[in-house]
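In the text below, chain A, chain B and the rest are named by the order of the sequence lines, each starting its count at 1.
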Protein chains: 2
Amino acid sequence: MKPKLTLKQIAFELDVSVSTVSKALRDSPEIGEDTRQKVKAFAKLYNYKPNNIALSLKNRKTRTIGLVLPEIVHDFFATVISGIEEVANKKGYNVIICLSNNSFDREVMNMEMLANGSTDGFILSVAKETQQKRDYHHLQEVINQGMPVVLVDRVVDEIICDKVIIDDAEGAAKAVQHLIDSGCRSIAIITTVDYVSVGKLRTNGYLNALRKNNITVNEDLILKIEDIDQSQEQIDEFLKSRNVDAVFAVNEQFAASAVKALVSKGLTVPEDVLVISFSDGELSRRFMPSLSTVNQHGAEMGARAAQLLIERLERVVDEERYQTAIINTSLIERESTLKTKKPVV
Amino acid sequence: MKPKLTLKQIAFELDVSVSTVSKALRDSPEIGEDTRQKVKAFAKLYNYKPNNIALSLKNRKTRTIGLVLPEIVHDFFATVISGIEEVANKKGYNVIICLSNNSFDREVMNMEMLANGSTDGFILSVAKETQQKRDYHHLQEVINQGMPVVLVDRVVDEIICDKVIIDDAEGAAKAVQHLIDSGCRSIAIITTVDYVSVGKLRTNGYLNALRKNNITVNEDLILKIEDIDQSQEQIDEFLKSRNVDAVFAVNEQFAASAVKALVSKGLTVPEDVLVISFSDGELSRRFMPSLSTVNQHGAEMGARAAQLLIERLERVVDEERYQTAIINTSLIERESTLKTKKPVV
DNA sequence: TTGTAAGCGTTATCAT
DNA sequence: ATGATAACGCTTACAA
């Protein structure tokens, strides 16, 4: 086991000083051609690589991004990570990922842990619990310490910083409009409780779309789910007693559950009821019938977030002006809204 | 914007030396009660937290684990990450995640990047391309430098280190046995190309199960897929022309595609053909019909890997003895193999 | 052209 | 009981 080679070692071996080695490796003009050659040859031969930690300490920069996410077993966040990784790696940054598991305390802990020198800035999607508590002091804290923060998807208005979002309301409206255009009038929505920012926005989009088309909002067709774990039962129950011709679900899990509930009721999708989901993921693509959906371009959101953060870290942007990047959504039509085979009776 | 508080700052403010502050905060008995109180009070008041980078440099330990994965938009790896995070965080470790995207070069780059002081050790699942090339010098390299490595799931025999796997062959055999027990005799397998270690093992399990039950292996019922992106077409094509009473797929994507192919052929699952998948994920759970599967306990694998790595980092294990932890699989029976409604004709 | 020294933030050793 | 110093690995004025 050979320990990592250091400048000191090289200096000792070549009988020069540490600073000479350092300068030679960085092609400083102060160093004579021959010594430079010698040092570089030696370094290459023994595969010298500078120690990141020492560099970080010296430069007070880690070239590391702290990423704090509510969960990861979820296509959307996984794609966000991919996007971030892609950009970060290209620019020579590492990504430290921490999961809050939607817990406020863990989110705070993670940020405190990373804020003590481990990262130069944060990309964060706030935990459900944090949104519920509306306590964002930990975010303000790191910002006050001069660490830039970029919020992604689940953002909070109270914190002033760069943000990357989609227009959730517009995306939802687009989905619902598609249902309306397909002739549906009795459209249920399966959404989250209101304190989940994106859930609320999507609910608003649903409401807007109905109103715009002069369809009376029927509160009885709105199901708000708190915990995804018991969602199937709630959705079964909800759909069993209601007659609808379409369902808009704010995520693909709810959509899949809705289809299941409808089928067990003896209905067929899309022949009897159209179903559309939000946030295009593996499930929507592979489901039978494949699910129409509003895609969220997670990778693009992540890439954009990384880009915004790195720009700020490298001071190429106006210190005072924060931007909110809005990533476009688009409707992906698949089988679950393909109304061709048989007309509604 | 207030910069982070340092020992130096505190020392200056309280008019004592840096070492006094350091000792006071660490409850050194050398320090007088009053000064200790004073220092601690001040530190608490201004929320002093030691700088991780400085500590890392000093201790030559980062308390950070490098995690290199082939991909992440994949339930299995996502759960592995969850498991690792859980254990790592509990023990005060951070996790730096890098994605190889199944590329050899990126895997090497990532490891080199992290090996320069950023992490104390690695947890890695090797890239597909790396398995194909059989080039593992980057792994041996970091091991030679004294950084422990734990391989997860996609392991390589050539490297001696701790490993966490499941018994893929046994799991596959269990799945196939279940099909046989359900009365199937003409069982197709949809698997990966052989250089993917786990794919090959699962294929072996399939073969073993057939032989054990005296069922002749029909090479024509074996489909090996290279690239998941075109898998649907290949699977459609494959199943169209073959008459089978069951399909064993080595991952849930293939299984979903198989069901789709069968349905488009006019068959029903499970009435006409049973389908079973491997690696329990969201898709298997939510699919219609829900897919029977061999669960892989990704979170448990991750947790175990983190535990093994940390034990080695903290030297509580015998330096020379490496272990291979085998996580148990179990069969999860769902609708896709529930053969009740109608007997095979 | 090369080397010395200070400093990044800590902690451990060794004075005082 | 407190402080000065060196060290972790590196860079960069500043000296020589």
Fill in: Arg36(A) side chain to Ile31(A) backbone, donor-acceptor under 3.5 Å
yes

Worksheet entry | Backbone N/O of Met113(B) and side chain of Asn52(A): donor-acceptor pair under 3.5 Å | yes

Fill in: Span of DNA chain D, from the first to the last nucleotide whose atoms fall under 4.0 Å of chain A heavy atoms
dC8(D) to dC14(D)

Fill in: Polar contact flag, side-chain donor to acceptor under 3.5 angstrom, Arg154(B)-Asn102(B)
yes

Worksheet item: Please give, in whole Å, the distance from dC8(C) P to Asn51(B) CG?
Response: 12 Å

Worksheet item: Ser28(A) near the nucleic acid: base, sugar-phosphate alone, or nothing, with a heavy-atom cut-off under 4.0 Å?
Response: nothing

Worksheet item: Considering the options Gln323(B), Arg321(B), Gln307(B), Arg312(B), which one meets the side chain to side chain donor-acceptor pair (under 3.5 Å) requirement together with Asp162(B)?
Response: Arg312(B)

Worksheet item: How many Å lie between CG on Leu25(B) and P on dG9(C), as a whole number?
Response: 16 Å

Worksheet item: Are Asp120(A) and Thr62(A) close enough that a side-chain donor and a side-chain acceptor fall under 3.5 Å?
Response: yes

Discussion item. Rounded to whole Å, how long is the line connecting atom CG of Asn52(B) with atom P of dG9(C)?
Written reply: 13 Å

Worksheet item: Is it true that Arg134(A) and Glu158(A) make a salt bridge, defined as a side-chain N closer than 4.0 Å to a carboxylate O?
Response: yes

Fill in: Nearest-nucleotide 5' precedence on DNA chain D, Pro29(B) against Arg60(B)
Pro29(B)

Item to complete: Indicate whether any N or O donor in one side chain lies under 3.5 Å from an N or O acceptor in the other, for Ser100(A) and Ser103(A).
Response: no

Fill in: Pairwise distance SG(Cys98(B)) to CG(Leu69(B)) - rounded to 0.5 angstrom
9.5 Å

Fill in: Terminal helix-axis angle for the helix from dT1(C)-dA16(D) to dT16(C)-dA1(D), with five pairs defining each axis and rounding to 10 degrees
70°

Practice prompt. May I ask you to check whether Asn47(B) and Lys49(B) show a side-chain donor-acceptor distance below 3.5 Å?
Written response: yes

Discussion item. Taking any heavy-atom pair under 4.0 Å as a contact, classify Ser56(A): base, sugar-phosphate, or nothing.
Written reply: nothing

Item to complete: Using a strict 4.0 Å threshold on nitrogen-to-oxygen distance, state whether Arg304(A) and Glu300(A) make a salt bridge.
Response: no

Item to complete: Report the C-alpha separation of Gln140(A) and Asn144(A) in whole Å, then their side-chain angles, then the decisive distance to 0.1 Å, and conclude whether the side chain to side chain donor-acceptor pair (under 3.5 Å) test is met.
Response: CA-CA 6 Å; Gln140(A) 198 55 59; Asn144(A) 291 345; 3.2 Å; yes

Worksheet item: Between dG3(C) atom C1' and Phe12(A) atom CZ, what is the distance in whole Å?
Response: 17 Å

Worksheet item: For nucleotides 11-16 of chain C, read 5' to 3', which letter fits each nucleotide if B means a protein heavy atom sits under 4.0 Å from the base, S means only the sugar-phosphate is that close, and - means neither?
Response: BBBB--

